[in-house]
2 protein chains.
Amino acid sequence: MSAIVPVPLYQAKAEFFRTLGHPARIRVLELLSERDHAVHELLDAIEIEQSNLSQQLAVLRRAGLVVQRREAGAVVYAISVAEVRDLLLAARAILAAVLAGQEQLRSELGGGAS
Amino acid sequence: MSAIVPVPLYQAKAEFFRTLGHPARIRVLELLSERDHAVHELLDAIEIEQSNLSQQLAVLRRAGLVVQRREAGAVVYAISVAEVRDLLLAARAILAAVLAGQEQLRSELGGGAS
DNA sequence: TCGTAACTTGAAGAAGTGTTCAAGTGCTAA
DNA sequence: TTAGCACTTGAACACTTCTTCAAGTTACGA
């Protein structure tokens with residue numbers, strides 16, 4: 001019976017995309033969509049301070065995209081929503097299309113500088 | 001031969017997602033993925049000031065997601081990358097999964113308040 | 001039980017975004 | 001050629017998000 005404030009759907013979507021709007025968080029999701037990782041493994045892969053990584057993991061946790069568990073003295077993270085991988089793939093496709101479009105535009109403009 | 005600075009891919013992805021991280025921009029993309037719209041049509045649908053809408057459209061244009069054309073005295077916008085629709089659908093699926101997960105968690109915790 | 005490795009948290013200043021206002025541009029039509 | 005509609009732009013201030021530092025927690029091992 002909790003009184004959930006009905007956040008408009010398009011606002012929920014915007015918040016969700018903002019959650020993905022950080023390089024470290026993207027990398028975490030990409031790594032986790034391969035397999036579960038302990039925090040220190042992520043740390044080895046990501047070039048960021050531990051406390052900063054922890055902050056970013058907290059953002060992903062609050063958004064409900066990842067879950068945490070403790071295992072043999074380490075904290076292990078996992079993707080909680082399998083569809084995340086599809087989203088990352090869709091994003092990759094768009095990005096490729098956009099970048100290709102920009103490249104084409106650039107050459108149509110005569111190969112000039114930026 | 002333009003000297004393009006090689007932005008790391010995961011940073012480009014993050015920027016891309018941030019572009020989507022605004023309710024008005026999401027609505028614009030949803031409307032445009034149905035059909036092309038003139039600015040004043042978007043304005044009728046979105047409850048936002050004209051200059052603010054214009055700012056948001058500029059963000060989408062800079063990101064290369066929409067294109068502008070002039071038609072009979074009006075400015076008409078269109079999606080430039082067809083895959084945007086797939087992305088919005090993928091996002092909807094994740095959002096549904098995440099919200100369902102939260103709802104389940106809430107009930108497991110005993111139906112308490114937030 | 002003490003030390004240490006592995007994380008998380010809170011807080012504060014820096015950096016980045018969003019909203020709004022005023023002014024400007026580009027058509028079209030009288 | 002001038003009026004007016006449709007839209008864009010620049011700039012300023014408010015607001016949010018990031019990064020970093022210092023302090024705190026948890027669990028294992030000596």
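Predicted model, so just to flag it, every value in this text is computed and none were measured. To find a chain, count down the sequence lines: A is the first, B the second, and so on, and within it residues start at 1.
A 4.5 Å side-chain heavy-atom check between B/L65 and B/L32 finds every atom pair outside the cut-off. Looking at B/D86 and A/D86, their side chains never come closer than 4.5 Å, going by heavy atoms from C-beta outward. Proximity of B/L9 to A/L95: side-chain heavy atoms (C-beta onward) are separated by under 4.5 Å at one or more points.
The nearest whole Å value for the distance from the CG atom in B/D44 to the C1' atom in D/dC7 is 14 Å. Distance CD1 (B/I46) to P (D/dC7): 13 Å, rounded to an integer number of Å. Atom CD1 in B/I48 sits roughly 11 Å away from atom P in C/dG18 (whole-Å rounding). In this structure, B/L57 atom CG and D/dC7 atom P are separated by 10 Å, rounded to whole Å. As a whole-Å value, the separation of A/R62 CZ from D/dT17 C1' is 11 Å. One can place CZ of A/F17 at 18 Å from C1' of C/dT17, the figure rounded to the nearest angstrom. Counting to the nearest Å, the P atom of C/dC27 and the NE2 atom of B/H40 are 16 Å from each other.
Of the residues in residues 20-34 of chain A, not one places a heavy atom less than 4.0 Å from an atom of DNA chain C.
Residues B/L53 and A/L43 both approach DNA chain C. Their nearest nucleotides, taken by heavy-atom distance, put A/L43 toward the 5′ side.
Within 4.0 Å of B/E41, counting heavy atoms only, lies no atom of the nucleic acid at all.
Residues B/L31 and B/A45 come closest through the heavy atom pair CD1-CB, 3.8 Å. Here the closest heavy-atom approach between residue A/A97 and residue B/V81 is recorded as CB-CG1, 3.7 Å. Nearest approach of B/R69 to B/E71, heavy atoms of both residues: NE-OE2, 2.9 Å.
The side chain of B/Q56 sits closest to C/dT19 out of C/dC7, C/dT19, D/dT8. Listed nucleotides C/dC21, D/dC7, D/dC21 differ in distance to B/E49; the shortest reach to its side chain belongs to C/dC21.
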Can you pull every protein N or O that's under 3.5 Å from an N or O on nucleotides 24-30 of chain D?
none

Give me the distances for all protein-to-nucleotides 9-12 of chain C N/O pairs that come in under 3.5 Å?
{"from": "C/dG10", "atom 1": "O6", "to": "A/Q55", "atom 2": "NE2", "distance (Å)": "2.8"}
{"from": "C/dA11", "atom 1": "N6", "to": "A/Q55", "atom 2": "NE2", "distance (Å)": "3.3"}

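Put simply, CD1 on B/I26 and CZ on A/F16 are 10.0 Å apart, with the number rounded to the nearest 0.5 Å. A/H40 contributes atom NE2, which lies 9.0 Å from atom CG of A/L42 (distance to the nearest 0.5 angstrom). Considering CG of B/L88 and CD1 of A/I94, their distance stands at 7.5 Å, rounded to 0.5 Å. Here the CG-CG distance, from B/L20 to B/L87, works out to 6.0 Å after rounding to the nearest 0.5 Å.
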Taking only distance into account, with no hydrogens and no angle test, what donor-acceptor pairs under 3.5 Å do side-chain atoms of residues 47-56 of chain A form with protein atoms, sequence neighbours excluded?
{"from": "A/N52", "atom 1": "OD1", "to": "A/Q56", "atom 2": "NE2", "distance (Å)": "2.9"}
{"from": "A/Q56", "atom 1": "OE1", "to": "A/R25", "atom 2": "NH1", "distance (Å)": "2.7"}

Distance-only donor-acceptor hits, side chain of residues 57-64 of chain B, under 3.5 Å, sequence neighbours excluded:
{"from": "B/R61", "atom 1": "NE", "to": "B/Y77", "atom 2": "OH", "distance (Å)": "3.2"}
{"from": "B/R61", "atom 1": "NH2", "to": "B/Y77", "atom 2": "OH", "distance (Å)": "3.4"}

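The number of heavy-atom neighbours closer than 6.0 Å to CZ of B/R85, taken from other residues, nucleotides and ligands shown, is 12 or below.
Each of A/I46, A/V39, A/I79 was checked for a side chain to side chain contact (heavy atoms under 4.5 Å, CB included) with A/V28, and the lone residue meeting it is A/I46.
End-to-end axis angle of the helix from C/dT1-D/dA30 to C/dA30-D/dT1, using five pairs per end and rounding to 10°, comes to 20°.
The side chain of A/Y77 contributes an N or O atom lying less than 4.0 Å from OP1 or OP2 of C/dT8.
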